[in-house]
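Naming: A, B, ... by sequence-line order, numbering from 1 per chain. Everything quoted here is computed from the prediction, not taken from an experiment. The figures here come from the full heavy-atom set of this structure, side chains too, leaving out hydrogens, waters and symmetry mates.
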Protein chains: 2
Amino acid sequence: MSYVVNRGPRPVAEATRERVLAAMEELNYRPNASARALKLARTYVLGLMMTDITNPYYSEFARIFQDLAYEAGYAVMIANTAHDGAKEIAELKSLLAREVDGIAAYGVREEETLELLASSGVRTVSMDWHLTRDGMPSVVIDDYRATRLAIEHLQGHHHQRIGLIGGTGDRTARQQAWRDAMGPILGRDLEGLAEWGEFSRDGGYHATMRLLDRPDRPSAMFVSSDVQAFGALRAAQVLRLNVPRDVAIVSFDGTVASAYTSPPLTTIQVPYEQVARQCLRKLTDPRDSFEMHTTLDHYLEVRSSCGCNPEP
Amino acid sequence: MSYVVNRGPRPVAEATRERVLAAMEELNYRPNASARALKLARTYVLGLMMTDITNPYYSEFARIFQDLAYEAGYAVMIANTAHDGAKEIAELKSLLAREVDGIAAYGVREEETLELLASSGVRTVSMDWHLTRDGMPSVVIDDYRATRLAIEHLQGHHHQRIGLIGGTGDRTARQQAWRDAMGPILGRDLEGLAEWGEFSRDGGYHATMRLLDRPDRPSAMFVSSDVQAFGALRAAQVLRLNVPRDVAIVSFDGTVASAYTSPPLTTIQVPYEQVARQCLRKLTDPRDSFEMHTTLDHYLEVRSSCGCNPEP
DNA sequence: TTGTAGGCGTTATCAG
DNA sequence: CTGATAACGCCTACAA
């Protein structure tokens with residue numbers, strides 16, 4: 001009987017209860033989630049969309065999100081959008097077809113994705129810089145201020161020419177912050193000190209190669225993500241440039257992987273667990289009284305790539 | 001009508017077909033996966049169990065597996081077993097309760113997990129060293145031979161004292177291969193040259209610290225996984241030991257991350273995509289005529305940490 | 001306090 | 001070739 005397995009909504013006599021339990025055991029009964037989902041119109045499954053789970057930033061987030069979701073009784077389905085609009089839309093449809101109860105999305109770029117999300121009515125949270133125009137709830141840190149903080153730290157090390165490794169796509173806050181910080185100092189040199197690449201090791205590697213392999217190279221760079229910084233470090237080594245002596249680096253994410261590079265990266269620390277926790281709350285909490293946009297605190301994790309800790 | 005959306009199992013007149021299509025459009029019809037799953041007893045969802053998706057080896061596998069599964073019409077649910085028996089069992093139950101059509105499992109260690117898997121009747125594939133005793137299908141590479149290959153390469157660089165960074169738990173093939181290779185050479189010193197740690201950066205870091213921070217340290221080490229090697233590289237740097245000059249390293253996995261370390265790692269390359277493809281086949285192909293255990297080919301990806309390429 | 005029956009959205013079978 | 005209908009397994013309202 002349903003009442004005993006679900007402890008309600010109405011009481012059951014102890015004797016009957018035991019009898020039912022015994023029968024369940026006997027018949028090796030397993031509740032059928034599909035039937036339950038059909039009846040309740042809830043699947044207890046959440047979708048997690050990311051550009052690429054291979055990026056430590058996303059895999060570390062996925063780990064925490066899955067743990068927390070599990071504790072709350074939810075399973076999580078993953079979707080890789082692969083920096084590709086068509087794939088993004090297709091994967092979203094797949095999630096929607098499975099009737100997930102909510103979707104946490106990193107890096108949506110397609111207009112159609114936003115429309116699909118809105119028209120489907122699933123609860124959604126974006127972890128990217130506020131998608132205000134669409135009224136989609138979000139949980140983020142202040143990318144603009146974080147980037148300014150990173151650049152100011154580099155300036156504290158007396159760097160004048162600070163380059164940018166930016167991400168392809170529209171992480172506008174980060175590149176805008178760099179522009180605002182360096183524009184007044186670099187003037188006409190500004191555009192020459194920015195290079196762009198995918199959010200991947202390879203993207204960071206090639207962008208850094210272009211930025212550093214020339215005489216007027218910057219003495220420091222702000223790299224938009226840890227994963228790009230891994231590629232940047234490799235590029236510096238190939239060019240026989242010492243980090244931080246020849247080029248100082250500050251990056252963005254605060255992955256645990258960034259603590260194990262040579263040298264360890266100074267990086268903007270995103271509060272993963274809090275982000276995950278807030279996402280989950282917005283996706284699953286029945287009370288609907290949340291703020292639309294939540295901005296969490298970040299800080300600068302100071303290690304060696306900026307020049308602070310010359311020892312290994 | 002069902003026949004038009006599923007193109008079968010019986011023909012439909014063109015006129016009716018159009019009429020149905022129009023109605024679907026009109027009512028903004030979306031098929032309900034739960035109802036479909038209930039009726040068909042198939043969910044088109046696969047479960048992927050891993051100890052820790054934060055490990056690049058697993059996240060890179062997950063990426064490919066999810067891509068391939070998606071193309072075949074399946075969604076994938078992830079489960080982190082977290083090197084923890086109780087969590088492993090609990091996560092498995094969660095997957096089972098959702099009635100996934102198949103489970104791909106990395107690093108199952110609990111007897112109860114195996115029993116649950118067997119009694120539930122879900123199709124299962126293990127990617128760990130053949131779990132022969134339980135008759136569970138598997139897709140693996142020959143860990144033993146791969147490890148011997150790695151060690152022989154180090155011996156080719158004239159190393160006599162080759163240490164081991166092993167994984168906690170029972171990756172028996174790898175440590176056994178090291179024992180067999182080094183036992184005759186090291187004799188009584190053998191046990192002193194092995195250290196153990198979790199399959200994580202931190203695990204590799206601490207194990208390496210213990211192994212290298214002493215006068216009789218080995219001149220080379222075989223590290224059981226790339227992720228541990230990342231920690232090992234960091235440890236070497238803290239100890240002011242140059243890799244490969246002071247310690248040569250060969251590791252195991254062939255993650256793309258391993259190409260971006262300083263120095264880049266020489267590592268056993270696992271054929272990710274083929275492994276994923278075979279897993280998927282065993283989990284979803286209706287014809288049941290597959291070999292129980294599939295062993296795929298590996299090779300040694302030679303980069304710099306072994307001493308082969310002195311240039312950066 | 002307990003048994004029963006109807007319906008959630010599909011698919012497949014059966015009669016037309 | 002088409003329209004109606006039963007059944008999948010669960011939850012809950014209603015009757016006993």
Trainee: Give the ring-plane orientation class for B:Tyr106 versus B:Tyr57, where under 30° counts as parallel, over 60° as perpendicular and anything between as tilted.
Mentor: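 If you compare the ring of B:Tyr106 with that of B:Tyr57, the planes turn out perpendicular.
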
Trainee: B:Leu40 CG to D:dA6 P: how many Å, rounded?
Mentor: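 Those two atoms, CG and P, are 20 Å apart.
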
Trainee: Tell me the interatomic distance from B:Leu38, atom CG, to C:dT11, atom P, rounded to whole angstroms.
Mentor: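 Taking atom P of C:dT11 as the reference, CG of B:Leu38 is at 11 Å.
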
Trainee: Compare the minimum distances between each of C:dT11, C:dT10, D:dC10 and the side chain of B:Pro31, then state the nucleotide with the smallest one.
Mentor: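 Comparing C:dT11, C:dT10, D:dC10 against the side chain of B:Pro31, the answer is C:dT10.
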
Trainee: CE of A:Met77 to CG of B:Leu48: how many Å apart, nearest 0.5 Å?
Mentor: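 One finds 13.0 Å between CE of A:Met77 and CG of B:Leu48.
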
Trainee: Rounding to an integer number of Å, can you tell me how far A:Asn32 CG sits from C:dC8 C1'?
Mentor: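 Answer to the nearest Å: 13 Å.
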
Trainee: Are there over 12 heavy-atom neighbours, none belonging to A:Asp297, within less than 6.0 Å of that residue's CG?
Mentor: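 No - once you tally the heavy atoms of other residues, nucleotides and ligands closer than 6.0 Å, there are 12 at most.
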
Trainee: Please report, rounded to the nearest Å, how far the P atom of C:dC8 is from the CZ atom of A:Arg42.
Mentor: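 That distance rounds to 20 Å.
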
Trainee: Measuring to OP1 and OP2 of C:dG9, would you say a side-chain N or O of B:Arg36 lies under 4.0 angstrom away?
Mentor: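 Indeed not, no polar side-chain atom of B:Arg36 lies that close.
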
Trainee: Roughly how many Å is it from NZ in A:Lys39 to P in C:dG6, rounded to a whole number?
Mentor: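 My rounded result for the distance is 12 Å.
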
Trainee: State whether A:Asp52 and B:Arg63 are salt-bridged, where the test is any N-O pair (Lys NZ or Arg NE/NH1/NH2 against Asp/Glu carboxylate O) under 4.0 Å.
Mentor: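 Answer for the salt bridge query: yes.
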
